[in-house]
Structures are given as structure tokens and as C-alpha cells.
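As C-alpha cells, the structure follows; a few thoughts come after it.
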Amino acid sequence: MPNLQVMRHDIQGQTPCLTLYEHLSALQPPGSEPVCNRSPRIAMRATATYPQVDTPVVSSIALAFDYNPPSMSNRKIVTRFAPSPTGHLHVGGARTALFNWAFARKHGGTFILRIEDTDRARSTAQSTRAIIDDLRWLGLDWDEGPDEKADDPYDPQSQIGEHGPYFQSQRLDLYKEHAQRLMQAGRAYKCFKTPDELKAQRDNAKAEKRPYKYDRTESINLPQPTIDKYVEEGRPHVVRFRMPDHDITVHDLVLGDVTVKASELEDFIILKSDGYPTFHLANVVDDALMQVTHVLRAQEHLMNTPKHVALQEALGFESPKYAHMPLIFNADGSKMSKRDKAKTARAAAKEWMKQNNDNIDRLYHEIKEECAGYLDSIGLTKETLQDFLDKKTDDVLYPQAIARFLHIPLPEIDVNDFRLSGYLPEALLNYLALLGWSPGNDVERFDLDFLKENFDLKRIGKSNARFDRDKLLAFNTEAIAKLSSDEFHQQLIRHDGYSRSCTFQIGLGNRFRPFAACYRERSRTLDEPFANGQFFVTDDTKIEYDPKAIDKALLKNDDQGLAVLNDLQPPLESIPTDKWTASELEKTIKDYAQQKNLGMGKVAQPLRVAVSGSTVSPPIFDTLVILGKGSTLARIGRCLQLNTPQQQTEAS
RNA sequence: GACCCCGUCGUCUAGUCAGGUCUAGGACACCAGGUUUUCAUCCUGGUAACACGGGUUCGAAUCCCGUCGGGGUCACCA
């Protein structure tokens with residue numbers, strides 16, 4: 001048997017990251033009953049009966065028995081996306097997920113979806129569902145994690161993969177056991193300071209302009225009997241990790257080595273007073289137990305990484321490789337935040353108030369009228385509306401109600417916002433991939449398959465990127481142009497259902513297909529046909545006329561447009577309903593234009609305004625066909641009636 | 001403020017690691033022109049950048065130092 005000391009020495013530099021299951025099964029003679037099943041939690045319990053056996057020793061024994069530990073370098077690549085379920089998937093999160101997915105796929109590895117729901121106050125099951133849906137809409141899939149098809153993704157039985165459960169709220173024992181391990185080794189300790197106490201210390205330090213750092217002396221010098229007494233009394237406390245005294249270097253695959261001095265690092269909390277782990281502990285424990293080899297995350301996590309590396313050292317885990325990606329900002333350089341929506345809505349509402357004598361009653365009632373039934377479901381009352389305007393709340397649903405009433409667009413922040421605005425997942429993904437990454441060689445348009453083949457960590461950039469909606473729109477325009485007319489039709493049906501409760505399918509019936517057809521070549525988003533083609537489903541008697549359009553197309557040059565409409569009525573009337581086709585209309589209208597020596601513009605525009613209320617619509621013949629003979633003539637008639645000057649009407 | 005990261009057209013970026021082929025390439029936006037019944041497309045052309053200052057070198061966008069600028073972090077959030 002090889003010398004154990006030597007073996008320990010050998011593994012010092014590379015600390016094999018084995019799950020305890022592997023340690024223990026390695027010790028089993030072949031063919032014997034396994035000491036534990038695949039669950040790391042049970043493996044932990046198995047070792048607990050041998051408290052003197054810590055991880056490195058087990059590794060050494062494993063080595064001594066000719067067990068070949070899988071070293072990080074030749075192990076299968078494992079990445080994960082670990083969102084916290086506090087809302088829809090943010091575009092930044094989407095890019096993180098995309099890169100982790102692409103890296104795993106490129107190397108034939110495993111991609112894990114793990115839900116980090118250790119924030120009890122903010123995590124919701126609804127958000128988990130939303131994030132799963134957002135990821136699936138983007139076309140990203142995962143090898144381990146919650147099952148998207150399960151009725152209850154939280155059900156441990158339904159989760160996919162052998163390192164589950166994949167909800168941190170279901171792994172609490174595991175974190176406690178590791179925290180316990182650290183405490184036994186003197187690497188963690190209980191701290192009874194209250195949040196208020198600490199906040200006061202921080203505030204003091206700030207007021208005196210001196211840097212604040214948590215001071216461990218008091219806590220670590222607490223005599224054991226006192227600690228026991230406090231615990232018995234049920235005093236709330238947290239568990240802190242004792243930072244090592246040496247500097248920590250993070251070997252980042254994008255940024256290179258980043259060293260943080262020991263003096264800059266403080267003892268951070270690993271177990272909150274409610275017994276839940278903090279992000280740091282849970283993240284590190286899960287990455288190790290799930291055998292994650294590469295962590296691709298946003299640069300905002302860079303300063304967390306030394307903490308994680310220190311934890312990994314103390315726990316005997318090999319650090320995964322880290323790659324920190326540049327951040328994504330708004331076009332103006334501000335941080336892209338969910339609050340941007342609240343900000344926009346608030347500004348618009350305040351502007352409205354200014355023009356309406358600061359009358360909040362009226363604002364509330366008008367919103368209520370516009371969004372009937374919707375308000376109750378989101379709990380908007382006059383009081384909460386006031387709170388919202390006073391920035392006391394940033395509730396994500398209020399801005400939507402306000403925006404709907406004021407007809408203002410809200411900035412898209414979440415993946416779902418882009419979905420509602422009519423972006424195609426392939427366009428969003430393509431654009432997102434270019435934020436902080438580039439395949440080189442002037443290649444810019446590509447899909448998931450391309451990424452699967454070509455994604456390369458080396459090509460991740462270092463500097464922050466601004467989100468350019470114009471460019472995204474251009475990508476989306478191209479993506480839509482690529483769709484066949486049938487695909488476009490199907491997509492529109494889906495979008496009408498997703499964003500408008502099928503308003504257009506109900507309103508148009510079998511005219512939905514020609515409606516889709518005429519918008520296919522003039523849409524940059526899936527939403528434009530509905531936003532611009534509202535008049536198709538508006539009642540004939542409720543078309544609103546844009547005054548500028550009336551002036552320009554109907555009244556200019558001595559009511560030339562009105563005359564055209566008048567002239568056109570009889571010939572249109574004479575087209576039989578069953579011959580109301582584009583070619584027939586074209587013939588009739590062009591004949592008229594030729595006869596009067598008018599350009600098509602002079603004839604089409606008055607018609608367009610009469611039937612749609614504005615100067616913009618799909619090609620006029622298509623428009624008239626979709627509307628049908630009845631609607632067309634009814635609208636022309638009503639338009640003439642409304643816009644013919646008074647005297648003229650009286651004179652005739 | 002302290003610590004850390006970053007700095008090529010307005011924006012995203014190629015080029016930087018292995019200095020010359022870079023009078024710096026592409027995309028989006030913008031401007032001009034063309035196509036078109038409106039709109040949206042589409043086509044052609046154009047404007048536009050190595051943050052600044054030192055150094056190393058025959059030669060610097062590329063290597064080194066400094067300055068300035070931008071950003072991140074500093075929670076019982078993740």
C-alpha cells in the first residue's frame with residue numbers, strides 16, 4: 001500500500017473534486033453492496049459516522065487503493081444556469097443561460113438548470129414557471145433540472161438528473177451539513193450580531209469616512225458556554241465563514257488572474273438566521289456536488305468569486321473554472337433594470353397629471369375604464385397608485401396598466417417583454433450572443449446550431465456592452481423576412497393568442513389569413529400587424545380619423561380627396577360582392593385614376609384614410625378586400641359624412 | 001470613498017495574445033440617391049473610431065508606465 005502521506009501531498013495542488021459518493025464507492029471492494037446510493041446527501045450522512053474522516057483523507061485512501069479520481073481537466077464539461085426566481089427571465093440572464101448552454105453543447109457536456117430560491121421573501125413558484133417558459137421559448141434545453149413538462153416542477157420525483165433536487169430550498173440539509181463541517185474545522189462560527197447593530201456600525205464608518213469591515217473578534221471569542229446559552233435561549237444568529245489570512249487569486253478565463261488582498265476580504269454569512277444558506281454557500285456546495293466544471297456568469301459576480309474560492313478551499317472542493325462576462329447596459333449607459341419600466345410609466349403618469357390638474361382620482365378612474373377587470377387582479381387601488389407615483393413601490397404590474405391607458409410603450413427588459421413586443425427568439429438570441437461575444441471573421445448572423453459548433457470562451461470580450469434596440473429590430477426584421485408565409489401566419493396566430501387573447505382571430509375569422517399575408521412583407525415584429533392593423537377589427541362606425549391625415553389626403557387642393565371618394569362610390573358599389581377581389585378593385589380604381597388623370601397616390605390615399613383613419617395601411621387593394629365590400633362602403637360613406645364641410649352639406 | 005474590471009466609428013464589434021500586410025474591416029444607426037399607391041422592405045453610395053500623455057522599437061491600435069474616463073462590488077439579494 002502506497003504511503004498515505006505521499007498521496008496526500010500529491011493531491012494537495014489539485015484537490016480532486018469528488019462527491020462523497022465517489023469517495024466512498026471507490027473504497028468498496030468490487031461487487032459488494034454499495035455503501036450508499038447516488039444521493040450526495042446520504043453520502044454525507046454515511047461519512048458522518050466517521051467524523052474523523054475528512055475529504056482529503058478519503059481522497060488519499062481512494063488514491064491508495066488505485067482509485068483514479070476524475071480530475072477536473074479530463075472530466076466532462078458541466079455548466080449550469082442558476083437563476084433566482086424573482087420575476088421573468090432578464091435579458092442579461094438569458095445571455096448567461098445562452099453562453100452556458102452553448103459552452104456545454106459545444107463540448108458535449110451537461111447543462112444544468114438550478115433554481116436558487118434561498119431568498120424566501122422574494123422567490124415565487126410563479127417566477128420559476130415563468131423562467132422555465134422563457135428559457136423554453138428561447139429554445140434552450142437542459143440535461144438536469146426541473147422538468148418543464150411536469151405539473152409541479154418542484155416535485156422532487158419529477159426532476160431530471162442524478163444530482164438533484166435542483167431547487168436549493170430542497171437541499172437545506174446539505175448546506176447545513178457543510179456549514180457544520182466548516183464549524184467543526186474552525187472555519188466558520190456563529191455570530192449573534194443583529195442586522196441593526198451591524199448596519200449602525202456600517203453607517204458610523206461611513207459617516208466617519210473610514211472603510212468598514214466586519215470585525216470577527218467579538219464573535220470568535222465568545223466562550224462556548226455563552227454560545228450554548230444563547231442558542232438555548234433561541235437567540236437568532238447567523239453562521240459566518242472565517243476568511244483565510246492569505247490573498248486570493250481568481251484565475252478567470254476571460255479576465256486573467258484577479259488577486260484580492262486578504263485585508264479586503266471579510267467574514268461573510270453562509271447561513272442566515274432563518275437557517276437558509278446564503279447564495280455563497282449554496283452556490284459553492286451545489287457547484288461541487290453537481291460537479292460543475294465551468295461557471296460562466298456576469299462580471300457583477302467578480303468580487304464574489306474570491307469568497308467562493310476561499311470556501312472551496314476550506315471545503316476541499318476543487319474550484320470550477322470561472323469566466324466572467326461583461327455587463328449589459330441600456331443605450332444611455334444606465335443599468336438595464338426591471339425598474340426601468342416603473343420609471344417610464346411613472347414619468348408618463350406624472351406628465352399626464354401635470355396636464356390634468358394633478359387629479360389622481362381622474363387618473364385612477366380613467367385607467368380603470370381602460371383596463372376594466374384587470375385592475376382588481378393586480379390589486380391596483382387609488383392608494384397603491386399614489387404609492388407607485390411616490391416611488392414607494394415598483395410593482396411590476398402597475399406600469400403595464402398605466403402604459404395601456406396612456407398608450408405608451410414600456411422598455412423591454414425581460415425576455416417576456418421582447419416576446420410580447422413581437423420579437424422572434426432566434427433574433428433575440430442572435431443579438432444577445434453578440435453582446436460580449438463574437439465569432440470573428442465578420443460573421444454576425446447565426447443560430448443556435450452555429451453557436452453549438454462555434455462557441456468559444458476565448459472570444460468573450462472584456463468591456464461592457466450597450467443594448468441597441470435598433471440593431472435588435474434589424475435582426476428581427478431579417479428573421480421575419482426569412483419566415484415562409486405559412487410560418488408567418490402560424491406565428492401571428494400564436495402571437496395574437498399570447499399577447500391579445502386572440503382578438504384578431506375572433507374579429508377577423510377566415511380573413512385572418514389574408515390579413516397575415518398582407519402584413520408579411522411589411523412587419524418588423526410580430527406585433528406590428530396588430531398594432532398597425534387595429535382598424536381591421538374596429539367597428540365601421542368607430543373609426544377614428546387622424547386630423548393630419550384628413551387634411552393631407554382629403555381636404556388639400558380644394559377637397560380633392562373628398563371628391564375622389566365621392567366619385568368612387570358608384571363604381572365600387574357596382575362591383576358584385578362575389579367579385580370583390582384585388583384584381584377587380586385594381587381595375588376599377590386604376591380606370592378611374594386614368595380617366596381623371598390622377599396618379600395612384602392621389603386616389604389610394606383618400607381611400608386609405610377613409611377606411612383606416614390614417615395614411616398608413618397595407619396595399620390599398622388588399623386592405624379593401626380584407627375589409628369587404630360592406631365595410632369599405634360603410635366607412636367611405638361615414639368618412640364623407642363626417643368630413644364634408646357644413647355649408648356644402650347644407651347646400652346639397 | 002476603498003477595492004476590482006474595462007477603454008477601437010454614435011452603438012455592437014474584428015484586429016491586440018505571437019508589433020509591420022491597418023491610409024483600421026464588418027454590422028446597426030445616420031446622411032444622400034434609387035425602387036414604391038402609403039407604410040415597411042429592398043438596392044447603391046457616403047460620413048464616422050484606435051481616450052490622452054510618456055516610454056520601448058527601424059516600426060505601436062497591438063508591449064510597458066502614468067493620467068483621465070466608464071463600470072462593478074462593498075446586504076441575513078442573488
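In what follows, chains are A, B, ... by sequence order, proteins preceding strands, each numbered from 1. The shown structure was predicted, so the numbers you read here are calculated from the model rather than taken from an experiment.
A:G436 comes within 4.0 angstrom of the backbone, heavy atoms only, and of no base. Across all strands shown, A:P326 has no heavy atoms under 4.0 Å from either base or sugar-phosphate atoms. At a threshold of 4.0 angstrom between heavy atoms, the contacts of A:E521 include nucleobase atoms, whether or not backbone atoms are also involved. Within the 4.0 angstrom heavy-atom criterion, no nucleotide atom of any strand lies near A:H324. When heavy atoms are screened at a 4.0 angstrom cut-off, A:P619 is found touching base atoms of the nucleic acid. Backbone-only engagement by A:R459 is indicated by non-hydrogen atom pairs under 4.0 Å involving sugar-phosphate atoms exclusively. When heavy atoms are screened at a 4.0 angstrom cut-off, A:K213 is found touching no nucleic acid atom at all. A:T86 comes within 4.0 angstrom of nothing in the nucleic acid, heavy atoms only. Contact annotation for A:R524: backbone-only contact, meaning every heavy-atom pair under 4.0 Å involves sugar-phosphate atoms and none involves a base. At the heavy-atom level, A:K552 lies nowhere under 4.0 Å from the strands shown. A:Y276 comes within 4.0 angstrom of nothing in the nucleic acid, heavy atoms only. Residue-level contact check: A:S84 touches the backbone only, with heavy atoms under 4.0 Å from sugar-phosphate atoms and none from bases. A:T615 comes within 4.0 angstrom of a base, heavy atoms only. Residue contacts for A:N304: at a heavy-atom cut-off of 4.0 Å it reaches a base atom on one of the strands shown.
On the P atoms, B:A14 is 15 Å away from B:C6, given to the nearest whole Å. Taking the P atoms as reference points, B:U13 lies 26 Å from B:G53, given to the whole Å. To the nearest whole angstrom, the two C1' atoms, one in B:A32 and one in B:U47, are 10 Å apart. Distance check on atom P: B:C77 versus B:U41 gives 48 Å, rounded to whole Å. A distance of about 23 Å separates the P atoms of B:C30 and B:C50, rounded to the whole Å. If you take atom P in B:C64 and the same atom in B:A2, they sit 25 Å apart, rounded to whole Å. Comparing the P positions of B:G54 and B:G59 gives an interatomic distance of 15 Å, to the nearest angstrom. Across the P atoms, B:U8 and B:A61 are found 15 Å apart, a figure rounded to whole Å.
Across all strands shown, B:C58 pairs with B:G20; the Watson-Crick or G-U wobble distances both stay below 3.5 Å. In this structure, B:G10 forms a base pair with B:C28, meeting either the Watson-Crick or the G-U wobble geometry with both donor-acceptor distances under 3.5 Å. If you check B:C3 for Watson-Crick or wobble pairing at under 3.5 angstrom, you find it paired to B:G72. B:U41: no Watson-Crick or G-U partner with both key distances under 3.5 Å is found in any strand. Of all nucleotides present, none satisfies the Watson-Crick or G-U wobble test against B:C77 with each distance under 3.5 Å.
Taking the charged nitrogens against the carboxylate oxygens, A:K261 and A:D247 have no contact shorter than 4.0 Å, which rules out a salt bridge. Under the 4.0 Å criterion applied to side-chain N and carboxylate O atoms, A:K193 and A:E218 are assigned as salt-bridge partners. Taking a cutoff of 4.0 Å between a charged side-chain nitrogen and a carboxylate oxygen, A:R469 and A:E412 qualify as a salt bridge. One finds no salt bridge joining A:D286 and A:R80 here, because no Lys/Arg side-chain nitrogen approaches an Asp/Glu carboxylate oxygen to under 4.0 Å. At a threshold of 4.0 Å, the pair A:E197-A:K199 does not count as salt-bridged, since none of the basic side-chain nitrogens sits closer than that to a carboxylate oxygen. The residues A:R524 and A:E528 are annotated as salt-bridged, a charged nitrogen and a carboxylate oxygen being separated by less than 4.0 angstrom.
Heavy atoms only, all atoms of each residue included: A:V603 and A:V564 are closest at CG1-CG1, 4.0 Å. Across A:A282 and A:Q168, no two heavy atoms sit closer than the pair CB-NE2, 3.4 Å.
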Inset, instruction - Going 5' to 3' through nucleotides 21-32 of chain B, assign each nucleotide B (protein heavy atom under 4.0 Å from a base atom), S (under 4.0 Å only from sugar-phosphate atoms) or - (no protein heavy atom that close). - result: ----BBBBS---
Inset, instruction - Take nucleotides 1-8 of chain B nucleotide by nucleotide from the 5' end and write B, S or -, depending on whether a protein heavy atom sits under 4.0 Å from the base, only from the sugar-phosphate, or from neither. - result: -SSSSSS-
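Here A:F504 and A:F536 keep their ring centres 6.0 angstrom or further from each other. Aromatic ring centres of A:H280 and A:H308: separated by under 6.0 Å.
Between the CZ atom of A:F446 and the P atom of B:C12 there is a distance of 16 Å, rounded to whole Å. Rounding to whole angstrom units, CG of residue A:L428 and C1' of B:C12 are separated by 15 Å. A straight line from NZ of A:K206 to C1' of B:C74 spans 10 Å, rounded to a whole angstrom. One atom, NZ of A:K548, and another, C1' of B:U38, lie 16 Å apart when rounded to the nearest Å.
For the pair A:A82 and A:G440, nearest-nucleotide mapping onto RNA chain B gives the more 5' position to A:G440. Sequence order on RNA chain B of the closest nucleotides to A:F467 and A:G601 puts A:F467 first from the 5' end.
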Inset, instruction - Take A:S334 and A:D332 through the side chain to side chain donor-acceptor pair (under 3.5 Å) test and state the conclusion after the steps. - result: CA-CA 6 Å; A:S334 64; A:D332 64 3; 2.6 Å; yes
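Cation-pi geometry between A:R235 and A:Y230 is met: under 6.0 angstrom from the ring centre, within 45 degrees of the axis.
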